[in-house]
Asker: 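The structure follows.
Proteins get letters first, then strands, A, B, ... in listed order; numbering begins at 1 in each. Just so it is clear, the model here is predicted, and its values are computed rather than measured.
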Number of protein chains: 2
Amino acid sequence: MLTGVIIMLTKRQLIILQVIIDDFIDSARPIGSRALSKKDNLPYSAATIRNEMADLEEFGFLEKTHTSSGRVPSEKGYRYYVDHLIGPSTNQNQVSIIKDIIQDGFFEFEQIVQMSAEVLSKLTSYTSIILGPEMFETTLKQIQILPLSDHTAVAILVTNTGHVEHRSFAIPEKINSSDLEKMVNMMNERLTGVPIIKLQEVLNTEVAHLMKMYMDDFDKSFEYLKAFLVNDNPVKLYIGGKSNILMQPEFNDVDKIRSFFTMMEKEDEIANILKNSKNGIEVTIGNENEVEAIKDLSLITASYHLNGDHMGTIALLGPTRMEYRKVISLIKGLSTEMTDAMYMWYRNDG
Amino acid sequence: MLTGVIIMLTKRQLIILQVIIDDFIDSARPIGSRALSKKDNLPYSAATIRNEMADLEEFGFLEKTHTSSGRVPSEKGYRYYVDHLIGPSTNQNQVSIIKDIIQDGFFEFEQIVQMSAEVLSKLTSYTSIILGPEMFETTLKQIQILPLSDHTAVAILVTNTGHVEHRSFAIPEKINSSDLEKMVNMMNERLTGVPIIKLQEVLNTEVAHLMKMYMDDFDKSFEYLKAFLVNDNPVKLYIGGKSNILMQPEFNDVDKIRSFFTMMEKEDEIANILKNSKNGIEVTIGNENEVEAIKDLSLITASYHLNGDHMGTIALLGPTRMEYRKVISLIKGLSTEMTDAMYMWYRNDG
DNA sequence: TATTAGCACTCAGGAGTTAAGAGTGCTAAC
DNA sequence: GTTAGCACTCTTAACTCCTGAGTGCTAATA
């Protein structure tokens with residue numbers, strides 16, 4: 001394989017490479033010169049194509065599975081294909097499915113994300129992963145504590161984005177309902193409008209000493225409440241179509257399936273991969289991935305934004321033999337939609 | 001195979017049957033007379049055991065995979081094993097793992113159920129499914145509508161069990177915030193304490209005409225609100241360890257894996273199976289299952305209760321070669337715990 | 001009479017062989 | 001520069017052979 005050299009492909013080589021990759025993406029089977037020469041858009045003899053294929057292999061764009069097999073795209077081949085051979089394709093009507101969901105307006109952002117992940121995986125038959133959104137701009141709207149019985153209550157937290165979290169807890173013996181009410185009022189006074197990521201700070205400085213006045217066994221309850229308010233892992237991962245990959249012929253092997261599912265269970269690791277993705281759309285093919293577990297898969301990521309700040313990441317995970325053209329346009333569309341949706345949500349921030 | 005006859009097994013046959021099934025549950029491999037005769041608890045020659053095995057096969061408790069293979073338990077064999085050969089086993093320390101979670105008191109019932117499902121599947125390496133709880137005794141505690149911006153708001157519904165649901169929606173143009181407030185007050189007045197399953201009725205009769213007074217484009221908003229309050233599918237399914245079955249050697253075949261995951265996606269169907277399960281613990285082995293998709297699996301179900309009313313079902317789905325002894329005691333323990341937990345939650349119903 | 005040893009028989013599964021088919025690389029002709 | 005032709009390679013599936021595990025039956029044994 002020639003490396004470190006700028007490779008100029010002839011027009012014919014470009015066409016042949018494209019046809020081979022398109023065919024392989026479609027069929028998942030190696031293709032030979034004879035079969036290629038029969039295709040309408042390739043009016044060359046098998047021998048000519050064989051020569052070109054030999055060159056393309058020398059350049060590193062194609063591979064053989066064994067000495068006398070047909071050719072298969074290499075990772076470098078996919079890279080070239082993604083970078084140079086796929087023009088802009090508009091899956092406008094597919095994007096509009098997602099657009100409709102988002103613009104319905106009746107859904108909370110979280111639901112939108114979940115539904116987008118599911119639609120995305122259904123449209124592509126790959127596994128979709130959406131990270132986010134980050135909470136930079138999210139502020140606390142209201143805290144409410146609602147007694148359920150003499151000794152239990154549910155705490156409800158609402159953000160300006162319509163995100164709701166809640167947790168049940170036991171009311172400490174010494175606290176009566178009027179104490180509780182005062183406490184909540186006090187917290188709302190101090191915490192409303194505070195960005196979620198700053199909650200911990202404000203809680204520790206401003207609120208802690210006030211709380212002490214109301215509660216005798218302050219420590220335990222405060223710690224508990226803090227754990228509720230200050231979520232360690234505020235950025236959520238939405239996964240759609242985990243079992244879609246079972247439809248892909250490359251997962252015809254039980255071990256591969258096993259290792260895929262094992263990998264998908266490590267949500268932290270996946271979140272990390274997505275967090276580190278750059279702005280804009282990014283395609284990482286096979287061994288280009290740094291994480292061992294997905295070195296035989298391709299990952300497409302795109303970010304969505306708010307006022308230029310990176311808010312989250314949309315991703316699709318599939319075999320290296322991926323329908324890049326379709327997938328890229330779809331993800332581009334979705335990230336635009338989600339950026340718009342973010343803007344809509346935060347626009348009239350009360 | 002002899003059927004319709006009461007079969008009396010000799011003591012030795014019972015022991016042999018038990019050892020064979022125990023061994024197969026452990027190893028998943030057919031076992032032959034020679035290997036059996038070497039076991040400590042079977043001081044008989046291979047020939048003797050062969051004769052007994054032939055009888056057990058004639059009775060229908062054992063099968064051969066081919067003419068000269070070792071024996072494997074038949075479904076009838078498992079049935080006999082479950083009904084007569086497994087004494088009470090107490091996995092007390094395993095049950096206590098779940099007990100600790102439940103009794104922590106800090107979790108909402110829903111979380112408890114989710115965690116139980118996960119622990120159950122982890123302890124067993126099978127897939128756990130928990131249905132419920134039913135809402136017979138659940139009543140509405142509070143409705144709240146919190147404006148997020150000029151034209152969006154989030155509605156929050158809390159039940160007496162600490163269950164919280166919420167949904168964002170667009171505020172109709174013509175409604176101002178004081179209208180909204182009145183409306184919510186009115187709904188709380190009328191709906192607090194109403195059982196969730198009767199919400200629809202009360203909404204249609206008592207609340208509908210009152211609402212009309214406040215809202216001009218009443219219909220759309222009312223319908224939307226109703227859809228939120230009256231959840232079509234109030235009984236939820238919690239699934240744990242979906243990919244656990246990949247560890248089972250019987251799922252060494254991609255097609256089986258595929259059909260399993262396809263089946264698991266049909267949550268309605270699964271919910272139906274569990275809904276129709278009887279009170280108490282129930283073991284359904286292979287073809288005893290009426291649903292086609294699980295005819296080569298075993299399902300163990302147990303119900304949990306409140307004041308004698310069936311509230312929900314705990315289930316484990318695994319290969320017919322299941323660790324029945326362990327699993328049954330575990331599920332028994334869990335259903336007791338969950339019944340207790342239900343009682344705790346509803347005890348001080350405010 | 002119940003148990004056991006012995007032996008012929010069966011079958012699954014792995015190793016080895018063969019044949020067909022798809023595809024290649026090279027050479028020579030166009 | 002392109003193409004036809006041909007020898008060669010390698011996979012895959014089908015077939016055969018062989019071994020080992022296990023059985024059923026019969027006759028000997030306790």
Asker: Is it true that Glu265(B) and Ser243(A) share a donor-acceptor pair across their side chains at a distance under 3.5 Å?
Answerer: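 Checked: Ser243(A)/Glu265(B) side chains pair up, N/O donor to acceptor below 3.5 Å.
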Asker: Would Glu75(A) and Thr320(A) count as having a side-chain donor-acceptor pair, cut-off 3.5 Å?
Answerer: no
Asker: Considering only side-chain heavy atoms of Tyr44(B), which listed nucleotide, dT3(D), dT4(C), dG23(C), is closest?
Answerer: dT4(C)
Asker: Name the one of Tyr81(B), Phe59(B), Phe61(B) that satisfies side chain to side chain contact (heavy atoms under 4.5 Å, CB included) with Leu17(B)?
Answerer: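 So the option named by the test is Phe61(B).
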Asker: Between dG23(C), dA21(D), dT2(D), which nucleotide has the shortest distance from any of its atoms to the side chain of Ser68(B)?
Answerer: dA21(D)
Asker: For His66(B) and Arg12(B), find the nucleotide of DNA chain C closest to each by heavy atoms; which residue's nucleotide sits nearer the 5' end?
Answerer: Arg12(B)
Asker: Show me the donor-acceptor pairs, under 3.5 Å and distance only, between side chains in residues 290-300 of chain A and residues at least two apart or in other chains.
Answerer:
residue, atom, partner, partner atom, Å
Lys295(A), NZ, Asn289(A), O, 2.7
Ser298(A), OG, Tyr324(A), OH, 2.7

Asker: Do nucleotides 25-30 of chain C as a string where each nucleotide becomes B, S or -: B if the base has a protein heavy atom under 4.0 Å, S if just the sugar-phosphate does, - if no protein is that close.
Answerer: BB----
Asker: Contact list please: residues 15-39 of chain A against DNA chain C, heavy atoms, distance less than 4.0 Å, in numerical order.
Answerer: Gly32(A), Ser33(A)
Asker: Tell me the interatomic distance from Ile49(B), atom CD1, to dT23(D), atom P, rounded to whole angstroms.
Answerer: 10 Å
Asker: For Phe24(A), does the six-membered ring have the charged nitrogen or CZ of Arg29(A) within the cation-pi criterion, i.e. under 6.0 angstrom from the centroid and within 45° of the normal?
Answerer: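 Cation-pi check for Arg29(A) and Phe24(A): fails.
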Asker: Are Ser45(A) and dT3(D) close enough that a side-chain N or O sits under 4.0 Å from OP1 or OP2?
Answerer: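 True: Ser45(A) side-chain N/O within range (under 4.0 Å) of dT3(D) OP1/OP2.
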Asker: I need the CD-C1' distance between Glu52(B) and dA2(C), as an integer number of Å.
Answerer: 10 Å
Asker: Side chains of residues 34-41 of chain B: which donor-acceptor partners sit under 3.5 Å, not counting sequence neighbours?
Answerer:
residue, atom, partner, partner atom, Å
Ser37(B), OG, Arg34(B), O, 2.9
Lys39(B), NZ, Asp23(B), OD2, 2.7

Asker: What is the separation between atom CD on Glu63(B) and atom C1' on dG22(D), rounded to the nearest whole Å?
Answerer: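 The answer, rounded to whole Å, is 17 Å.
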Asker: Using the side-chain contact (heavy atoms from CB on, under 4.5 Å) criterion, which residues pair with Thr262(B)? Sequence neighbours excluded.
Answerer: none
Asker: Please determine whether a side-chain nitrogen or oxygen atom of Ser69(A) lies at a distance below 4.0 Å from atom OP1 or OP2 of dG23(C).
Answerer: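 Indeed not, no polar side-chain atom of Ser69(A) lies that close.
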Asker: Among all residues two or more places apart in sequence or in another chain, which pass the side-chain hydrogen bond (donor to acceptor under 3.5 Å, both in side chains) test with Ser45(B)?
Answerer: Thr48(B)
Asker: Could you tell me the separation between the CD atom of Glu282(B) and the CD atom of Glu288(B), rounded to the nearest 0.5 Å?
Answerer: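 Rounded to the nearest 0.5 Å, the CD-CD separation comes out at 9.5 Å.
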Asker: Round to a whole Å and report the spacing from CG of Leu42(A) to P of dT2(D).
Answerer: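 Taking atom P of dT2(D) as the reference, CG of Leu42(A) is at 14 Å.
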